Protein chains: 2
Amino acid sequence: MKYSKQREIILRALEMNVIHPTADELYKLIIKDFPNIGLATVYRNLNLLAEKGIIKKIYGLDDAAHFDHNTHNHHHFICTKCNKIYDIPYDIASDIADNVWKKTGFTIEKTELSFHGICKNCQTKN
Amino acid sequence: MKYSKQREIILRALEMNVIHPTADELYKLIIKDFPNIGLATVYRNLNLLAEKGIIKKIYGLDDAAHFDHNTHNHHHFICTKCNKIYDIPYDIASDIADNVWKKTGFTIEKTELSFHGICKNCQTKN
DNA sequence: TCCTAAACTGATAATGATTATCATTACTAA
DNA sequence: TTAGTAATGATAATCATTATCAGTTTAGGA
């Protein structure tokens, strides 16, 4: 993996945003400051960074993949009203992968927990 | 919701298959016996049935949505070698949604746990 | 410093999954 | 039987993502 200015920019942009953006959302943020960057470059680098474990790729929240600079073990909640994505602490179910292994004998490489519902903020409104 | 022969066929085809098919996979199975059915009809009805809670739509296993006639609470494991999808019993983490609610105050409507790894069968093959 | 190979880029075409459109058909309640 | 509406099949459109490719940048020697 060779250094590239674009990758640097993409990683910084992701780190500055706690909104778990999709590749396209991040692209739209970045072109404001770097109008020459290509959409494919954003996709490419996000995937590369996720492969290397430098960032996280989150599936299953909606139809698009989201990216997260927080690589610590944690899960996600998406509010079906405001569509905001929240982090859920890992210790909510820290032994779950181990349980699955004990019960099934399957080797677990990745555990993805996603919760859908109404966040506290949207509950009080309305 | 009005009766339709196609919906009946789609539901039966899903019930007969434990393979958690995608809409397209199910379509390819069905046209063998019902060559006139349209792909859009399969998508439409699977989504409709999932909305009504008659079947389950599973996200996050791979890029396509899979469907499951088993509506009992349970989770899924996908083997990264053979791509087979296995059911994981619910009691592996039966209190997890409750835990999230207690910790965050968020109302949980849907909990989706998906595990990726190597199944027992593929482990022994090597 | 200069040179080359490999990695990276931007633009865009291609893909794959899914949804929208629309004219036609099938169900159902009166 | 009929009218109203939901459903259908064919296909165009969309959306997210990946592949392609010619030109550019980077990095590690000579």
Side-chain angles (χ1 to χ4, degrees), chain A residues 1-14 19-52 54-68 76 78 83 85 112 114, chain B residues 1-14 17 19-52 54-68 76 78 83 85 112 114 116:
Chain A
M1 190 153 121
K2 199 178 281 190
Y3 173 86
S4 96
K5 193 184 288 181
Q6 286 85 339
R7 185 151 50 235
E8 179 90 38
I9 289 164
I10 291 164
L11 186 54
R12 295 251 175 289
L14 185 61
I19 53 163
H20 308 83
T22 63
D24 193 65
E25 285 168 352
L26 200 56
Y27 169 71
K28 289 198 172 95
L29 282 174
I30 293 172
I31 45 170
K32 289 177 187 168
D33 293 318
F34 303 90
N36 294 326
I37 204 162
L39 176 58
T41 302
V42 176
Y43 271 98
R44 239 186 323 242
N45 279 298
L46 287 173
N47 283 333
L48 193 58
L49 289 165
E51 259 172 47
K52 302 284 180 190
I54 298 163
I55 65 173
K56 246 185 153 180
K57 191 170 183 176
I58 320 166
Y59 299 92
L61 290 176
D62 52 37
D63 1 273
H66 292 249
F67 293 87
D68 193 343
H76 294 98
I78 185 167
N83 290 312
I85 296 168
E112 189 132 353
S114 56
Chain B
M1 191 151 120
K2 196 181 281 190
Y3 172 85
S4 96
K5 193 185 289 182
Q6 285 86 339
R7 185 152 49 235
E8 179 90 39
I9 289 164
I10 291 163
L11 187 54
R12 293 254 175 287
L14 184 61
N17 286 284
I19 54 165
H20 308 83
T22 64
D24 193 65
E25 285 167 351
L26 200 55
Y27 168 70
K28 290 198 171 95
L29 282 175
I30 293 171
I31 45 170
K32 289 178 189 170
D33 293 318
F34 304 91
N36 293 324
I37 204 163
L39 176 57
T41 303
V42 176
Y43 272 98
R44 240 186 323 241
N45 279 298
L46 286 172
N47 282 333
L48 193 58
L49 290 166
E51 260 172 47
K52 302 284 179 189
I54 297 164
I55 65 173
K56 246 184 154 179
K57 191 171 184 177
I58 320 166
Y59 299 92
L61 290 177
D62 51 37
D63 2 273
H66 291 249
F67 294 88
D68 193 343
H76 293 98
I78 185 167
N83 290 312
I85 297 168
E112 189 134 353
S114 56
H116 296 241

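As the structure is a prediction and not an experimental result, all values here were calculated from the model. To find a chain, count down the sequence lines: A is the first, B the second, and so on, and within it residues start at 1.
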Q) Has the side chain of His66(A) got a donor or acceptor atom that lies under 3.5 Å from a matching backbone atom of His20(A)? A) yes
Q | Straight-line distance of Tyr43(B) OH to Asp24(B) CG, nearest 0.5 Å | A | 5.5 Å
Q. Asp68(B) and His76(B): side-chain contact (heavy atoms from CB on, under 4.5 Å), yes or no, with the steps?
A. CA-CA 10 Å; Asp68(B) 193 343; His76(B) 293 98; 3.0 Å; yes
Q: Enter the distance from Leu49(A):CG to Met1(A):CE here, rounded to the nearest 0.5 Å.
A: 5.5 Å
(Q) Is there a side-chain contact (heavy atoms from CB on, under 4.5 Å) between Asn47(A) and Lys57(A)? Walk through the geometry before answering. (A) CA-CA 8 Å; Asn47(A) 283 333; Lys57(A) 191 170 183 176; 2.7 Å; yes
Between the protein and nucleotides 26-28 of chain D, which nitrogen or oxygen pairs come in under 3.5 angstrom?
from: dT26(D); atom 1: O2; to: Lys2(A); atom 2: NZ; distance (Å): 2.9

(Q) What verdict does the side-chain contact (heavy atoms from CB on, under 4.5 Å) test give for Asn17(B) and Glu25(B), after you've listed the backbone C-alpha separation in whole Å, the side-chain angles of each residue and the deciding distance to 0.1 Å? (A) CA-CA 11 Å; Asn17(B) 286 284; Glu25(B) 285 167 351; over 6 Å; no
Q.
For a quick check, with a 4.0 angstrom heavy-atom cut-off, what is the B/S/- contact string for nucleotides 10-20 of chain D, read 5' to 3'?
A. BB----SBBBB
Q: To the nearest Å, give me how far apart CG (Leu46(B)) and P (dT8(D)) are.
A: 11 Å
Q.
With rounding to the nearest 0.5 angstrom, report the CD1 to CD1 distance, Ile85(B) to Ile19(B).
A. 8.5 Å
Q.
Once rounded to the nearest 0.5 Å, what's the spacing between atom CG of Leu48(A) and atom CZ of Arg7(A)?
A. 5.0 Å
Q. Using a cut-off of less than 4.0 Å, is there contact between a side-chain N or O of Gln6(B) and OP1 or OP2 of dG9(D)?
A. yes
Q | Lys52(B) side, atom NZ; Asn45(B) side, atom CG - distance, nearest 0.5 Å | A | 11.5 Å
Q. Using the C1' atoms of the five pairs at each end, what is the angle between the end axes of the helix from dT1(C)-dA30(D) to dA30(C)-dT1(D), to 10°?
A. 30°
Q) Could you give the distance from CD1 (Ile9(B)) to CD1 (Ile37(B)), rounded to the nearest 0.5 Å? A) 5.5 Å
Q) Are any of Thr41(B)'s side-chain N or O atoms less than 4.0 Å away from OP1 or OP2 of dG9(D)? A) yes
**Q.** Protein-nucleotide distance (Asn45(B), atom CG; dG9(D), atom C1'), rounded to Å
**A.** 12 Å
(Q) Measure CD1/Ile31(A) against P/dT9(C) and give the value in whole Å, please. (A) 17 Å
(Q) Would the distance check show the side chain of Gln6(B) and the main-chain N or O of Thr41(B) forming a donor-acceptor pair, the cut-off being under 3.5 Å? (A) no
**Q.** Separation of atom NZ in Lys52(B) from atom P in dA6(D), rounded to whole Å
**A.** 11 Å
Q: Return the value, rounded to whole Å, for the distance between atom CD of Glu51(B) and atom P of dT18(C).
A: 15 Å
